[in-house]
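These notes concern the structure reproduced below.
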Amino acid sequence: MDGLADSLGSEISSRVTFIAESGVVLGDSEVPLEDVPEMDNHGDRREFRVALGAGLGVSRRYSTTLETSMMYVAVPYEINGSIGVVRVSMPLTEVDRIIGRMRTIVLLATFIGLLVAILMTAIASHLMSGALRTLVDYSKKLAEGGRGGRLVVTSRDEVGGLAGSINLLGEELENVVDELATERNHLEGVLEAIDDGVLAIDGNQVVTLANSAVLELLGQSRPLVGKTLLETIQVPALYDAVGMVDGGTPVTIEFVLPGMTPTHVLAHITSHGGGGGRVIVLRDVTEIRKLENARRDFFANASHELRTPVGIIQANAETLERGALEDSAKAGQFIDAITRNSARLSALINDLLQISRIEAGKYHFEMKTTPVRPSVDSALNALANLAGSKDISMTTDVPEDLAVFADENALEDVLFNLVDNAVKYTGDGGRVSISAKQVDDLVLIEVEDNGTGIAPDERDRIFERFYRIDKGRSREMGGTGLGLSIVKHLVTAMNGEVSVRTATPKGSIFTITLKA
Ligand code: ADP
C-alpha cells in the first residue's frame, strides 16, 4: 500500500495516505515504509471518520507528522474485501498559493473579458449609433415635409426593423400629403370657379381662406389670409351677424360696401368646425337691386303715364254725357281732348309694347346690309307734315350708295324717333339736317337740329325710360318719354352706339354709329 501511495503521491504532487478501517496507516507517500508502523493511529482524524460515514471527509488542521497546516480530503475504498480510507493532503500554503494563482487568473480573465466587452460594446454602439443617426436624420427630413428616397435596410435586427417601419411611415406620409394636396387643389379649383366670394374665418375672426372673388368684390389686391374680419370688411353689421350665427342656423344679411360706386352685398354666414369658425359667402347683388329698382320705377312711371290720359278721356266723356254734348261749341273741345289723349294712350302703349318686345328678345332683328338713304327718306316723309306745320326746313346729306349692317325696320324706327324729337324740340322756322358718312368700317348717321339743346348733365339721363327734361313740353308734343330709350335699345341690339352732343351755335346732334 505504501508503494501505491508513493506512486500516486508523485503523480499528483500531493501527500497520499492509505488508512485501514481500524485507523492504522497502511502507507504514506511522504513517510518511508520503515517509519509507517510508527505513525499515529489515524482513527480519530476527522476526515477519516467523516469519509467512512458520509463518503467524503474534508478537514484542515495542523499535521503533527509534517509539522505544517494541511488540508485533507478523504474517501473510502475497498480493495479485495478490506475497507479503508484513502486520503489526499496538501499543505495549506500550497492550497493558498494555488487559490492565489487561480484568483490572479480569474482577475486577469475578468479584466480581459471586461476589456473585450467594453471594446465590443464601443464598436457595437458605434455601429448602432451610426444607424440610429441615419434613422433620426431621415425622420427629421420626413417631419419637415421632405420626400424622396428611402432608408436602405441592411440589417435584420431591431434597427433594421425600425428602418423598415420608418420607410413605411414615410411612404404613408407621402401618400397622405399627396392626397391632401390633390384635395386642396380641388377645393381651390372649385372656390376659384364660383363667382361668389368665399371667406373662411376662425374662432378669433381671423381670415383663414379667401377666394379671388372676395378680393375682386372688395377691390383688394393683397392676400387677406391672416387679417381680421374687421380689417378685411369694415362693416359692423357683418361683424354682428357673424356673432349671431349660433350652432347650425345660418344668418343672411345684406349690406352696402362703401366706395366710389357702392356695392350691395348679400352675405350668407354659416358656422364650420367646432372652434367657432365661420364661412361667409358674399354675393354682389348690386345689379339685381338696380334692376329691381328699375322695374319698380318702370311700373310706377308706366301706371302714372297711363293714368293721366285715361283720366282725361274719362272726365271728358262724362262731361259730354252729362249734357255738354248738346253744346256743340264745347262738345268739339271735349271730343278733341278725348281724341288727343286716345292718341297719346295709343302712342304710349305702342312704345311700351315695343320696349317690352325688345327687352324680352322678341323683336326680330334681320341684320343685313341696308342702304341708309331710303330709311332716312321714309323718316323725313313721315314727319314732313309736322315739320311743315312748324315751318322747319329739313335737309339731308346721305351718299346714295352708303349702306349699313342693320335691320331695316329698326333703323327706320331709330331715325324716325330722332328726327321726330329734332322737329318737336326745335322752334318754328328752325332747321333739321340728317347726314351720314362712312369712317373706316363704321357708318356715322347724325341728326342735327338748332332747337333747345340738351344740358351736359342731362345727356345720359335722356336715354332712360320716361325721362323728360321738360315734361309739360314733351306731353304737349305728344311725347311719351320712351322714344330715346327705344333708340338706345335698338341701336345696342344692332351692336351700335348712340350719343348726343351740343350743336353750334345751339341745338343738339344725335349720332348713331353702326357697322358698315
Ligand atoms: P319724348 O317722348 O319726351 O320725346 P324721348 O325719350 O324721345 O321722350 O326724349 C327724352 C327727352 O329728351 C325729351 O323729353 C326731351 O326733353 C329731350 N330731347 C330729346 N331729343 C331732343 C332734342 N333733339 N332736343 C332737345 N331735347 C331733346
Side-chain angles (χ1 to χ4, degrees), residues 294 297-298 300-302 304-309 340-359 376 379-380 382-383 386-387 389-396 410-436 444-493 497-512:
D297 289 352
F298 176 75
N301 283 326
H304 179 77
E305 292 294 331
L306 289 169
R307 206 166 40 217
T308 317
R340 268 189 294 112
N341 280 287
S342 303
R344 195 172 143 209
L345 203 58
S346 156
L348 248 169
I349 290 169
N350 279 341
D351 282 359
L352 283 172
L353 277 177
Q354 193 164 13
I355 281 196
S356 81
R357 262 177 44 227
I358 301 168
E359 284 191 348
V376 172
L380 288 185
L383 292 160
L386 182 64
S389 71
K390 292 178 79 179
D391 199 18
I392 290 173
S393 71
M394 296 206 285
T395 57
T396 57
L411 184 64
E412 265 179 35
D413 281 352
V414 167
L415 288 171
F416 177 85
N417 271 309
L418 292 180
V419 177
D420 182 38
N421 276 349
V423 173
K424 276 196 297 194
Y425 301 105
T426 300
D428 290 356
R431 176 179 49 78
V432 172
S433 56
I434 302 145
S435 64
L444 272 66
I445 306 172
E446 292 192 333
V447 178
E448 181 177 351
D449 64 63
N450 61 350
T452 53
I454 299 159
D457 54 331
E458 307 270 17
R459 278 179 202 155
D460 283 333
R461 302 215 60 194
I462 54 169
F463 293 100
E464 288 172 17
R465 290 182 291 210
F466 296 114
Y467 188 79
R468 286 174 288 204
I469 300 170
D470 181 347
K471 267 198 175 159
R473 173 121 195 234
S474 163
R475 283 220 185 96
E476 209 178 285
M477 307 302 300
T480 60
L482 294 169
L484 286 181
S485 171
I486 292 172
V487 166
K488 177 128 190 171
H489 268 85
L490 290 174
V491 173
T492 310
E497 277 173 20
V498 57
S499 62
V500 63
R501 64 183 201 274
T502 310
T504 37
K506 69 181 184 101
S508 323
I509 305 171
F510 281 83
T511 308
I512 326 162

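Just so you know, residue 1 is the first one in the sequence shown, and it goes up from there. Side chains are part of it too, since the values below use all heavy atoms of this structure and drop only hydrogens, waters and symmetry mates. None of the values given here were measured: they were computed from a predicted structure. Just follow the structure's listing: the first ligand is 1, and inside any ligand the first atom is 1.
- A salt bridge links Arg344 with Glu305: the closest approach of a Lys/Arg side-chain nitrogen to an acidic carboxylate oxygen falls below 4.0 angstrom.
- Residues Ser499 and Glu497 are not in side-chain contact: their nearest non-hydrogen atoms beyond the backbone lie 4.5 Å or more apart.
- Taking 4.5 Å as the limit, some side-chain heavy atom of Leu484 sits within range of a side-chain heavy atom of Phe510.
- Within 6.0 Å of CG in Asp460 there are 12 or fewer heavy atoms belonging to other residues, nucleotides or ligands.
- At a 4.0 Å heavy-atom cut-off, the residues surrounding ligand 1 are Asn421, Ala422, Lys424, Tyr425, Asp449, Thr452, Gly453, Ile454, Ile462, Tyr467, Arg468, Ile469, Asp470, Ser474, Gly479, Thr480, Gly481, Leu482, Gly483, Leu484, Ser508, Phe510, listed by chain and number.
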Residues 410-422, side-chain donor-acceptor partners within the protein, below 3.5 Å, at least two apart:
{"unit_1": "Glu412", "atom_1": "OE1", "unit_2": "Ser378", "atom_2": "OG", "d": "3.3"}
{"unit_1": "Asp413", "atom_1": "OD2", "unit_2": "Gln354", "atom_2": "NE2", "d": "2.8"}
{"unit_1": "Asp413", "atom_1": "OD2", "unit_2": "Tyr363", "atom_2": "OH", "d": "3.4"}
{"unit_1": "Asn417", "atom_1": "ND2", "unit_2": "Asp413", "atom_2": "O", "d": "3.2"}

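- Between Arg465 and Glu359 there is a salt bridge, since a side-chain N of the basic residue sits under 4.0 Å from a carboxylate O of the acidic one.
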